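The structure presented is a predicted model; accordingly, all values stated were derived computationally and were not measured. Reminder, nothing fancy here: chain letters follow the sequence lines and each chain counts from 1.
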Amino acid sequence: MRCPAPFILKLYEILEEGHDRNQIVSWNKEGTGFVVWSPDEFSELLLPRYFKHNNFSSFIRQLNTYGFKKCATNRWEFQHCKFQNGNRHLLQEITRKKCEPSVFPAFLKASSSEPVGGVVDESSDLLLQENENLRKEKLELQMQIHQYKSLQMKLSDSLSQYLVNQNQFRRTC
Amino acid sequence: MRCPAPFILKLYEILEEGHDRNQIVSWNKEGTGFVVWSPDEFSELLLPRYFKHNNFSSFIRQLNTYGFKKCATNRWEFQHCKFQNGNRHLLQEITRKKCEPSVFPAFLKASSSEPVGGVVDESSDLLLQENENLRKEKLELQMQIHQYKSLQMKLSDSLSQYLVNQNQFRRTC
Amino acid sequence: MRCPAPFILKLYEILEEGHDRNQIVSWNKEGTGFVVWSPDEFSELLLPRYFKHNNFSSFIRQLNTYGFKKCATNRWEFQHCKFQNGNRHLLQEITRKKCEPSVFPAFLKASSSEPVGGVVDESSDLLLQENENLRKEKLELQMQIHQYKSLQMKLSDSLSQYLVNQNQFRRTC
DNA sequence: TCCGTTCTAGAATATTCGTCG
DNA sequence: GCGACGAATATTCTAGAACGG
């Protein structure tokens, strides 16, 4: 893994650029988490600078997605064990929680690693899959044909209409 | 389905609010599609008003996601059979394409839905029927294509013939 | 390998001929990548001089084909480890990515060409052939559709172009 | 065959909305 | 109410696929 997730990096940068915005958001005393002191100002001033929205709840959703936990009842303080002041190198260990359906990768791994031989059901399954594909492709073709049909109509209309106009023009020219 | 997808609705509204922005984007003549006449201005002025970005490519990605097709080689003109000027009620029929990461999910679904009891003959029988259907549908498609081919020929002939006449007309005008 | 790929060479030349076009595109500070500062001007002024188009997206596609990566979220900055200011001799190491049909197609191909796992039912074998034929026929259909699509495009372009000329003609007639 | 151009899709992250305990 | 999460849509970056020179 090369670099931290974009969201994590931006969050860290927001805290790095402290200045007088410490009254809006800052690391906690121990540097083991951060506190949003003023959700309103944070949402209106800082969020739009770093993200494509100004909703505090969306920000919270991202925090949860990356495994941050709210760790106080009376203020907006969040923690993640790998998110610490001064330890930028830990950031890349903070990943999305997405629990990967994992049915898939597992299947791929299995099919590629072990010889497919011997299991009769698999061949039938493959045929099913084959037919599934064919059906989908057929739908695609039908949609394409329909579109060209529309275009054709449009073209035909334009042309005939133009011919009419043109004849009138000739007469009056 | 209650109302159209957000993206579709916004797209329609952009075109509805024509005014003098028709030089940036507008319905085509027949109202069966739309043309982005100036991608630059469209990206800088209109996109940020309706979406959270100003990237033309992101806009294109959304169009493709909802099944729109580019239908001209020299302009940014797009069509979708359910996207027509004046037919707002059709918008809700425009939906996102299912991701179905292509072949795999289909395979998984098929294999999981079937009783794993190794009844190969039954599945083979089903596949036979499946193929039968596919063949019939394919014939349908071929007939359709033949029709459009004929129409196309006529159109092309008319147009070229007209161009010839027109040139003669100009000379003698 | 003798000389760099044409695209890579042109890209390098564009950056070499800096002048006052640095406001359109230039090397980054470190010379480890480049930034397109003004995609609009870049597309309209520079692309046509070096390539056969003026589409920014086509330019991006080429960059990706050769393994360049976008390395900033707020600007069009791209990097490739072998693309550095002053190191012209590295350019020939930048090559097109090989198709590498990924895991999937390979698996599918194998399954369709030869009966998997050796012992497969006769009926299944027939179905395999059936599907093979269906696939071929589908390709035929696609080719036909593509032909009509091309014709359609040309027709449409011709017609619209002609209408424009015609209007001009009328005014001056 | 390889490269370039175009159009569309895949895949990952981001944003929004709603629900559940 | 509240904190966490699922799911749908949106945005971004990269790749697939077809065609043509």
Residue list, salt bridge (charged side-chain N to carboxylate O under 4.0 Å, His left out) with B/E77, at least two apart or on another chain:
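Once residues adjacent in sequence are excluded, the partners of B/E77 under the salt bridge (charged side-chain N to carboxylate O under 4.0 Å, His left out) criterion are A/K154, B/R75.
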My understanding is that only residues two or more places apart in sequence, or in another chain, count here; which of them pass salt bridge (charged side-chain N to carboxylate O under 4.0 Å, His left out) with C/K82?
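Testing C/K82 for salt bridge (charged side-chain N to carboxylate O under 4.0 Å, His left out), a comparison that skips the adjacent residues, returns C/E93.
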Criterion side-chain contact (heavy atoms from CB on, under 4.5 Å) on B/N55 and B/L47, from CA distance to verdict
CA-CA 8 Å; B/N55 296 313; B/L47 283 183; 5.7 Å; no
Is it the case that atom NZ in A/K10 sees more than 12 heavy atoms from other parts of the structure closer than 6.0 Å?
yes
Take the protein atom [atom1] of [X] and the nucleotide atom [atom2] of [N], then report the distance between them rounded to whole Å.
| X | N | atom1 | atom2 | result |
| --- | --- | --- | --- | --- |
| A/F56 | E/dC2 | CZ | C1' | 13 Å |
| C/I8 | D/dC2 | CD1 | P | 17 Å |
| C/K97 | D/dG10 | NZ | P | 17 Å |
| B/L11 | E/dA10 | CG | P | 11 Å |

Taking side-chain hydrogen bond (donor to acceptor under 3.5 Å, both in side chains) as the test, write out the residues that go with [X], two or more places apart.
| X | value |
| --- | --- |
| C/R96 | none |
| C/R88 | none |
| A/E44 | none |
| A/S58 | none |

Less than 4.0 angstrom between a side-chain N/O of A/H53 and OP1 or OP2 of D/dT16, yes or no?
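So the side chain of A/H53 is within the cut-off, an N or O lying under 4.0 Å from OP1 or OP2 of D/dT16.
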Phosphate oxygens OP1/OP2 of E/dT11: is one of them under 4.0 Å from a side-chain N or O of B/N55?
no
Find the bend of the helix from D/dC2-E/dG21 to D/dG21-E/dC2 as the angle between its two terminal axes (five pairs each), to the nearest 10°.
30°
Could you go over nucleotides 19-21 of chain E and give all protein N or O partners under 3.5 Å, atom names and distances?
| from | atom 1 | to | atom 2 | distance (Å) |
| --- | --- | --- | --- | --- |
| E/dC19 | OP1 | C/H146 | ND1 | 3.3 |

Closest to the A/R96 side chain: E/dT12, E/dA15, D/dT13?
D/dT13
Who are the ring-ring contact (aromatic ring centres under 6.0 Å, His included) partners of A/Y66, not counting sequence neighbours?
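ring-ring contact (aromatic ring centres under 6.0 Å, His included) check on A/Y66 returns A/F7.
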Which residues satisfy the ring-ring contact (aromatic ring centres under 6.0 Å, His included) test with B/W76, sequence neighbours excluded?
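If we apply the ring-ring contact (aromatic ring centres under 6.0 Å, His included) test to B/W76, skipping adjacent residues, the hits are B/F56.
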Ring geometry between B/F83 and B/W27 (parallel below 30°, tilted from 30 to 60°, perpendicular above 60°):
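Geometry flag for B/F83 against B/W27: parallel rings.
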Contact list please: residues 33-51 of chain B against DNA chain D, heavy atoms, distance less than 4.0 Å, in numerical order.
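Of all residues in residues 33-51 of chain B, none places a heavy atom under 4.0 Å from DNA chain D.
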Heavy-atom contacts under 4.0 Å between residues 59-75 of chain B and DNA chain D, which residues?
B/R61, B/N64, B/K69, B/K70, B/A72
Any side-chain donor paired with an acceptor under 3.5 Å for A/R61 and A/S57?
no
Between C/F59 and C/F42, is the ring centre distance below 6.0 Å?
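So the answer is yes for these two rings.
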